[in-house]
Amino acid sequence: MPFTHMIVWIFFIGAIIFLYLFTTKRMRQIKKEKRKAALIYQEKKQKYTYLKEGSLDECPREDVSAAVLFHCMRKEEEDFDNYFDNMNESERIIYGIYLISNSLDSAHASLHSFFLSPAYEKFVPICAEIFEKVGAYDIYDLMRAARRFAEIIEKDLEDDENDPEMGDYARYNFSDFTNEYLTLISTTNLNEKLTDFVLEHKDDFYDYDIPEEYLESGDDDEGISE
């Protein structure tokens, strides 16, 4: 084998070894980060499954919306058939917004799936108004039009460009609605609005019948890893 060919092969094999070592190291790092994230998730879930009176005053601001979501998730897990009726208005607002965004948590999801899923049925009538309640008025307009469009499709109604509920979205399809929703979520600082709403209505999220094991674990605020 000519010397130049040997040099090329040496560099080629060296590059493969380097890529293998780099990829292996990166995969180990990703697994470690996932384990850490899962641990933090479980610790926060344990801490916020029940919200003691006054706990939201002590909660870090960046955790406020997550705290009430864990609280709402517990209500759903406890009684899936009746959790909507067992929630107050503030809980429905926060959890409804979460469910709408969660319905888009896949690569090819469409906002139409929210309106089609029986699991979200009770939230459909309030899916626009919950955004209005937190001051996200652009998303309110969008969701009101999307709800109307879903109704037009479901009932095979005439598509009226002057429909007042459709507004500026008269020519939108669900692909357009989905893309616009994702854009607005990222540009309207929604999480800050949700946090402000929760802190303004914090008494609506407190639990007063808390199992003893959660009262004991809830006193340990240092349990969450940084």
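All figures in this text were calculated on a predicted structure; none of them were measured in a lab. Count residues from 1 along the sequence.
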| query | Do the rings of Y169 and Y172 sit parallel, tilted or perpendicular, given the 30° and 60° boundaries? | reply | perpendicular

Between [Y] and [X], is there a side-chain heavy-atom distance shorter than 4.5 Å?
X    : Y    : answer
K202 : V64  : no
Y120 : S103 : yes
D196 : R61  : yes
L111 : I100 : yes
Y181 : M143 : yes
L157 : R148 : yes
F197 : S65  : no
M73  : Y98  : yes

| message | If you compare all heavy atoms of K193 against all heavy atoms of V134, which two are closest, and at what distance to 0.1 Å? | response |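 Shortest heavy-atom contact: CB-O, 3.5 Å.
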
| query | Of the non-hydrogen atoms in N173 and S175, which two are nearest, and what is the gap between them? | reply | OD1-N, 3.0 Å

Side-chain ion pair, [X] and [Y], N-O less than 4.0 Å:
X    : Y    : result
K122 : D85  : yes
R147 : E129 : yes
E132 : R144 : no
R74  : E78  : yes

| Is the distance between the ring centroids of Y140 and Y137 under 6.0 Å? | no

| Test item: N88 side-chain N/O and D204 main-chain N/O as donor-acceptor pair under 3.5 Å |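 Yes; at least one donor-acceptor contact below 3.5 Å.
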
| query | Are K75 and Y95 close enough, and set up right, to give a side-chain contact (heavy atoms from CB on, under 4.5 Å), and what steps lead you there? | reply | CA-CA 11 Å; K75 287 196 165 187; Y95 205 51; over 6 Å; no

| D138 and T187: side-chain contact (heavy atoms from CB on, under 4.5 Å), yes or no, with the steps? | CA-CA 10 Å; D138 289 340; T187 58; over 6 Å; no

| From CA spacing to verdict: side-chain contact (heavy atoms from CB on, under 4.5 Å), V68, L194 | CA-CA 10 Å; V68 299; L194 296 178; over 6 Å; no

| request: Just do the side-chain contact (heavy atoms from CB on, under 4.5 Å) check on F123 and F114 with the steps written out, would you? | output: CA-CA 9 Å; F123 286 92; F114 168 77; 4.1 Å; yes

| said: Could you measure the distance from the CD atom of E89 to the CD1 atom of I94? Nearest 0.5 Å is fine. | reply: 11.0 Å

| task | Report yes or no: is the cationic atom of R92 (NZ for Lys, CZ for Arg) under 6.0 Å from the centre of the six-membered ring of F84, at an angle within 45° of the ring normal? | result | yes

| message | Less than 3.5 Å apart, any donor N or O on the side chain of E91 or H71 sitting next to an acceptor on the other? | response |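 The criterion, which ignores hydrogens and geometry beyond distance, is satisfied for H71 and E91.
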
